[in-house]
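What you see is a predicted model; the values in this text were computed from it and never measured. Just so you know, these numbers use all the heavy atoms, side chains as well, and skip hydrogens, waters and symmetry mates.
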Amino acid sequence: MLIKGCAIILSLVLMGFGTTSVLAQLKDDTEVINYRLPQSVYPTNYDLYLHPDIETGDFSGQVIIRVNTTSVISEIVLHSSNLNISSVYLKNTGSSTIYVSSYELDTLREFLIITLSEELSAGRVFDIGIIFAGNMDGKITGLYSSSYLKEDNSKKLIATSKFEPTYARLAFPCFDEPAMKATFQITLVQPSGDDYHALSNMNIASTSYQGKYTEVYFNQSVPMSTYLACFIVSDFQSKSAEIDTKGIGDAFTLRAFATPEQLDKVDFALEVGKAVMEYYIQYFQIEYPLPKMDMVAIPDFVSGAMEHWGLVTYRETALLYDNEESSTANKQRVALVIAHEFAHMWFGNLVTMKWWNDLWLNEGFARYIENKGINAVFPEWKMLDQFIVTRLHEVLTLDATLGSHPIIQTVESPAEITEIFDTITYGKGGSLIRMLEDFIGAENFQKAVTNYLNEYKFKNAVTEDFLNEIEKLGLDLDVKTIMNTWTVQMGFPVVTVEQVSTTKYRLTQKRFFSNPKDYESEYNDSPYNYTWSIPITFKTSSSDNVQRAWFLYNQDSLEIDLDGSVDWIKFNFDQTGLYRVNYPDALWQSLANELIENPETFSVGDRASILNDAFSLADATQLSYDIAFDLMKYLAKEEDYVPWSVAVSKLTSLKNSLMFTETYINYKQYASDLIEPIFKKVGWTVGTDHLENRLRQAVLSAACSLGVESCLEEAAVSFKAWLAAPTTRPHPDVRETVYYYGMQTIGDEETWDAMWQLYIAESDANEKSKLMYGLSAVQVPWILNDFVTLAWSEDNVRGQDYFTCLQYIAANPVGRPIVWDYVREQWPQLVARFGINERTLGNLIPAITARFDTQVKLEDMQFFFAKYPEAGAGAAARTRALETVKNNIEWLANNKEPIDAWLEKYLA
């Protein structure tokens with residue numbers, strides 16, 4: 001272990017070490033555990049020396065934390081988890097010496113508690129010194145080891161880190177709460193040879209050669225939260241681009257790093273990163289405050305990406321793009337992930353939430369603004385339209401169940417914090433930001449964002465601080481109350497339209513549930529009684545202008561008076577509001593008639609929202625399925641990806657729901673008839689139009705899934721041809737469809753083994769994912785059982801991809817019971833490997849059980865949860881899983897017969 005500076009060693013001898021102990025964790029079950037740090041000591045600077053030993057997988061280090069006291073203290077409490085603390089000492093900046101009496105580890109709360117030999121008054125400034133060590137192997141958070149294969153098939157090891165939300169404490173003792181911002185002075189130790197180099201948030205100040213090792217000193221950072229720190233030691237290579245700030249701050253360099261073998265795949269990321277970064281600087285009108293920005297593709301990474309300030313890390317599939325191997329969907333994902341992480345440089349890094357309760361401010365903002373960033377670079381992708389089907393509809397599905405939660409909710413423990421990185425925080429948060437921008441206006445929104453960032457730069461904020469900046473604009477809106485109705489209560493409303501006269505409409509609202517049984521209970525846990533202040537928008541046949549009104553939470557109803565009668569009226573323009581709309585049958589029919597006559601009357605977003613609302617309301621028994629199916633007739637004239645995305649999603653969802661019923665034969669005929677024309681139109685030949693390519697991917701996959709014979713035949717022919725000549729692959733945009741449905745159609749032991757060998761040999765992460773997906777489609781149970789077993793080994797499936805692999809297999813009806821049995825039997829081993837506080841483990845359960853629809857399966861789940869009651873970060877996921885199965889049971893009970901009756905008439 002290399003320790004920086006002989007003077008520090010001498011000071012340890014002079015001041016003495018404290019003795020260590022580990023607190024016993026015999027907590028009473030009824031005891032309320034306080035996971036928060038005391039507010040009596042605040043850090044101002046970390047001087048961190050860290051030596052990740054690449055060869056052994058161990059790391060060691062020393063941290064000197066400059067702190068000040070805000071009140072009288074006799075102990076110091078900070079975070080430390082799974083670290084071996086060998087010594088703790090204090091260095092006083094004044095004349096008197098402070099001693100450490102003892103220190104102990106509270107493993108439950110992940111605290112390092114330092115007891116002082118005397119009380120210290122408020123306003124004292126001193127340094128805490130800690131020497132520590134740990135291990136990087138067998139994990140994917142904190143400071144950890146990763147590896148990749150070189151061209152000669154040798155393994156290359158690297159060290160990297162991922163700290164959000166509460167994993168910095170796994171790498172070094174620290175005050176690991178977002179409001180405890182401090183500057184960082186980082187020294188990393190790297191091997192002197194083998195092309196290794198070190199990266200951190202800041203640029204390099206100097207290096208010092210120490211023989212076998214080299215010390216790399218980085219410049220002091222700006223004040224930032226611990227979860228934004230990052231350390232990488234690797235042999236990765238980079239390409240760069242210069243960022244033109246147009247006078248808003250200094251110009252700086254953007255670099256993209258990858259393994260040397262994949263460096264040619266970073267060009268697209270650089271192109272997008274440069275354009276998005278320059279757009280954001282102009283949009284926010286605030287400089288990027290660091291001297292450089294690096295992007296790094298990490299072979300093993302638990303998330304999609306992480307917004308470490310100045311050093312953003314990504315899964316390889318989220319940063320690397322190869323024209324020959326990456327699909328249009330892969331390309332769009334790379335662009336969106338980059339735009340998301342770069343948005344955080346301001347909203348999240350420059351201004352950070354005070355506590356994780358307000359995580360939605362970070363993630364909801366980035367989830368929405370990413371679309372603006374990409375829209376500025378690729379307007380032809382129409383990302384603001386795509387948002388409706390990629391984000392909003394997913395939110396509306398989850399938020400209509402009792403398994404949802406409010407956007408702002410109190411979290412304390414690491415498990416609770418980890419759990420809220422979910423669809424509600426990201427997707428609903430982003431949808432609310434979108435709605436907010438719409439009702440206050442884009443210019444006002446941009447102005448408020450800039451004012452907010454300037455007001456709280458390098459500081460922390462809460463939701464109210466952001467809303468205050470909007471109110472300062474003097475918009476004559478009670479923005480706080482409006483937004484509170486959406487952030488502090490879960491769920492959303494359905495607005496029901498009643499036509500009172502030829503020119504008058506009355507609107508009422510109630511909470512929308514996908515399961516009709518949920519209406520039977522009383523819900524008194526909301527300060528607004530589950531009513532919302534709704535920004536009503538609408539268009540009519542007589543005017544192309546978007547008209548607006550407010551339906552406030554404390555109003556029983558809202559009346560809309562038109563100047564004259566109209567042929568149709570469509571509420572919630574572009575589905576900008578987070579609510580559904582239900583009309584009388586006659587008004588639904590008027591919308592259906594106009595759609596069939598002239599679909600272009602309605603925007604892409606309105607066409608998507610009409611379909612989505614209608615089927616969701618029919619599922620919930622609030623609308624006749626006859627009307628929902630009748631609306632689908634217009635699709636004969638539809639050629640846009642966004643509405644078709646809704647249609648194919650619903651068609652495949654209905655297939656899954658009806659598959660094991662006698663209704664399925666008739667449904668399959670109907671669905672095939674509906675999708676076959678667009679399937680023939682888009683064909684298998686891939687063009688250059690981005691949205692047309694997205695449409696093709698969606699339609700081909702749906703057509704094969706729905707059993708269109710010509711689709712399955714073509715997939716099988718292409719699959720055979722590819723296996724005969726594996727170097728000649730199908731186009732990336734049709735590759736997943738060919739792999740999956742080719743394997744589904746003709747897959748046997750021989751073809752599976754051949755594809756498995758190609759999967760094992762593949763180095764490109766995107767292609768490897770496509771092959772894994774294809775392997776999961778085989779219809780032979782014992783092969784799928786072997787696949788589940790094979791996936792456990794890191795040599796076959798990286799830990800980051802393990803849960804995705806199981807979910808792919810479980811999505812196959814043949815594989816579902818295999819995975820479900822395996823997970824229940826191996827649960828202790830899964831927890832031991834991944835940790836009960838790993839949310840991806842928790843999310844595995846709702847993914848596997850999403851299509852269960854019987855009371856027996858529900859009881860199976862309940863028994864399993866009772867057997868293993870400790871859910872950690874998967875507690876909410878278990879609730880969601882149970883709610884989904886209950887909803888599936890009710891759906892079949894309520895909807896199978898009316899669907900069956902409609903299909904009988906259709907086929908008559």
Distance-only criterion, 3.5 Å: show the donor-acceptor pairs between side-chain atoms of residues 560-570 and protein atoms not counting sequence neighbours.
residue	atom	partner	partner atom	Å
Lys570	NZ	Asn572	O	2.9
Lys570	NZ	Asp606	OD1	2.9
Lys570	NZ	Ser609	OG	3.2

Legend entry - Pairing of Asp733 and Arg696 as salt bridge, 4.0 angstrom limit: no

Legend entry - No-hydrogen, no-angle side-chain donor-acceptor test under 3.5 Å, Lys655 and Ser705: yes

Legend entry - Glu559/Arg506 salt bridge by N-O under 4.0 Å criterion: yes

Inset, instruction - Only one of Thr390, Asn371, Val272 passes side chain to side chain contact (heavy atoms under 4.5 Å, CB included) with Leu336; say which it is. - result: Asn371

Inset, instruction - May I have all residue pairs that pass side chain to side chain donor-acceptor pair (under 3.5 Å) and include part of residues 429-443, sequence neighbours excluded? - result: Tyr368-Glu437, Lys372-Glu437, Asp438-Arg548

Inset, instruction - For the residue pair Tyr667 and Tyr670, categorise the inter-ring angle as parallel (less than 30°), tilted (30 to 60°) or perpendicular (more than 60°). - result: tilted

Inset, instruction - Say whether, by atom type as modelled, one donor and one acceptor occur between the side chain of Thr485 and the main chain of Ile482 under 3.5 angstrom. - result: yes

Legend entry - Distance-only donor-acceptor check, side chains Thr621 and Asn894, under 3.5 Å: no

Legend entry - Donor + acceptor pair across side chains of Gln589, Asn593 (<3.5 Å): yes

Legend entry - Backbone N/O of Thr879 and side chain of Glu883: donor-acceptor pair under 3.5 Å: no

Inset, instruction - Could you tell me whether the side chains of Glu594 and Thr601 share a donor-acceptor contact shorter than 3.5 Å? - result: yes

Inset, instruction - Indicate whether the side chain of Asn582 and that of Trp588 have a donor and an acceptor atom separated by less than 3.5 Å. - result: yes

Inset, instruction - For residues Asp640 and Arg607, determine if any side-chain heavy atom of one lies less than 4.5 Å from a side-chain heavy atom of the other. - result: yes

Inset, instruction - May I ask you to check whether Asn888 and Asp853 show a side-chain donor-acceptor distance below 3.5 Å? - result: no

Inset, instruction - Could you tell me whether the side chain of Leu712 reaches within less than 4.5 Å of the side chain of Gln744, counting heavy atoms only? - result: yes

Inset, instruction - Take atom NZ of Lys680 as the centre, draw a 6.0 Å sphere, and report whether it contains more than 12 heavy atoms from other residues, nucleotides or ligands. - result: no

Inset, instruction - Considering only NZ, NE, NH1 and NH2 on the basic side and carboxylate oxygens on the acidic side, decide whether Asp518 and Arg511 come within less than 4.0 Å. - result: no

Inset, instruction - Hey, can you tell me if Tyr625 and Trp891 have their rings parallel, tilted or perpendicular (30° and 60° cut-offs)? - result: perpendicular

Legend entry - Donor-acceptor contact below 3.5 Å, side chain Thr487 vs main chain Met483: yes

Inset, instruction - Check whether any side-chain heavy atom of Arg694 sits under 4.5 Å from a side-chain heavy atom of Gln386, and report yes or no. - result: yes

Inset, instruction - Would you check if Phe347 and Phe466 make a side-chain contact, meaning some heavy-atom pair closer than 4.5 Å? - result: yes

Legend entry - Close side-chain approach of Phe571 to Thr537, heavy-atom, < 4.5 Å: no

Inset, instruction - Go through the side-chain N and O atoms of Asp673 and Tyr906 and say whether any donor and acceptor fall under 3.5 Å apart. - result: yes

Legend entry - Leu436 side chain near Phe445 side chain, heavy-atom distance below 4.5 Å: yes

Inset, instruction - Before accepting this row, confirm whether a basic side-chain N of the pair Arg367/Glu370 lies closer than 4.0 Å to the acidic partner's carboxylate O. - result: yes

Legend entry - Ser603 versus Asp574, side-chain donor and acceptor atoms under 3.5 Å: yes

Legend entry - Trace of the ring pair (Phe, Tyr, Trp, His ring centres under 6.0 Å) decision for Trp532 with Tyr528: CA-CA 7 Å; Trp532 290 262; Tyr528 297 99; 9.4 Å; no

Legend entry - Minimum side-chain heavy-atom gap Phe852-Thr884 below 4.5 Å: no

Inset, instruction - Could you point out which residue of Lys331, Lys382, Gln332, Glu380 forms a side-chain hydrogen bond (donor to acceptor under 3.5 Å, both in side chains) with His690? - result: Gln332

Inset, instruction - Decide yes or no for Trp486 and Ile407: does some side-chain heavy atom of the first lie under 4.5 Å from some side-chain heavy atom of the second? - result: no

Inset, instruction - Report yes or no: does Ser649 contribute a side-chain atom to a donor-acceptor pair with the main-chain N or O of Val646 at less than 3.5 Å? - result: no

Legend entry - Under 3.5 Å donor-acceptor, Asn812 side chain and Tyr808 backbone: no

Legend entry - Electrostatic pair Lys650:Asp619 at N-O distance under 4.0 angstrom: yes

Legend entry - Under 3.5 Å: donor-acceptor pair, side chain of Lys637, backbone of Glu600: no

Inset, instruction - Return yes if some donor-acceptor pair links the side-chain N/O of Asn330 with the main-chain N/O of Ser327 below 3.5 Å, else return no. - result: yes

Legend entry - Donor-acceptor under 3.5 Å (Ser657 side chain, Ser653 main chain): yes

Legend entry - Backbone N/O of Asp613 and side chain of Ser616: donor-acceptor pair under 3.5 Å: no

Legend entry - Side-chain donor or acceptor of Asn693 paired with backbone N/O of Gly687 under 3.5 Å: yes

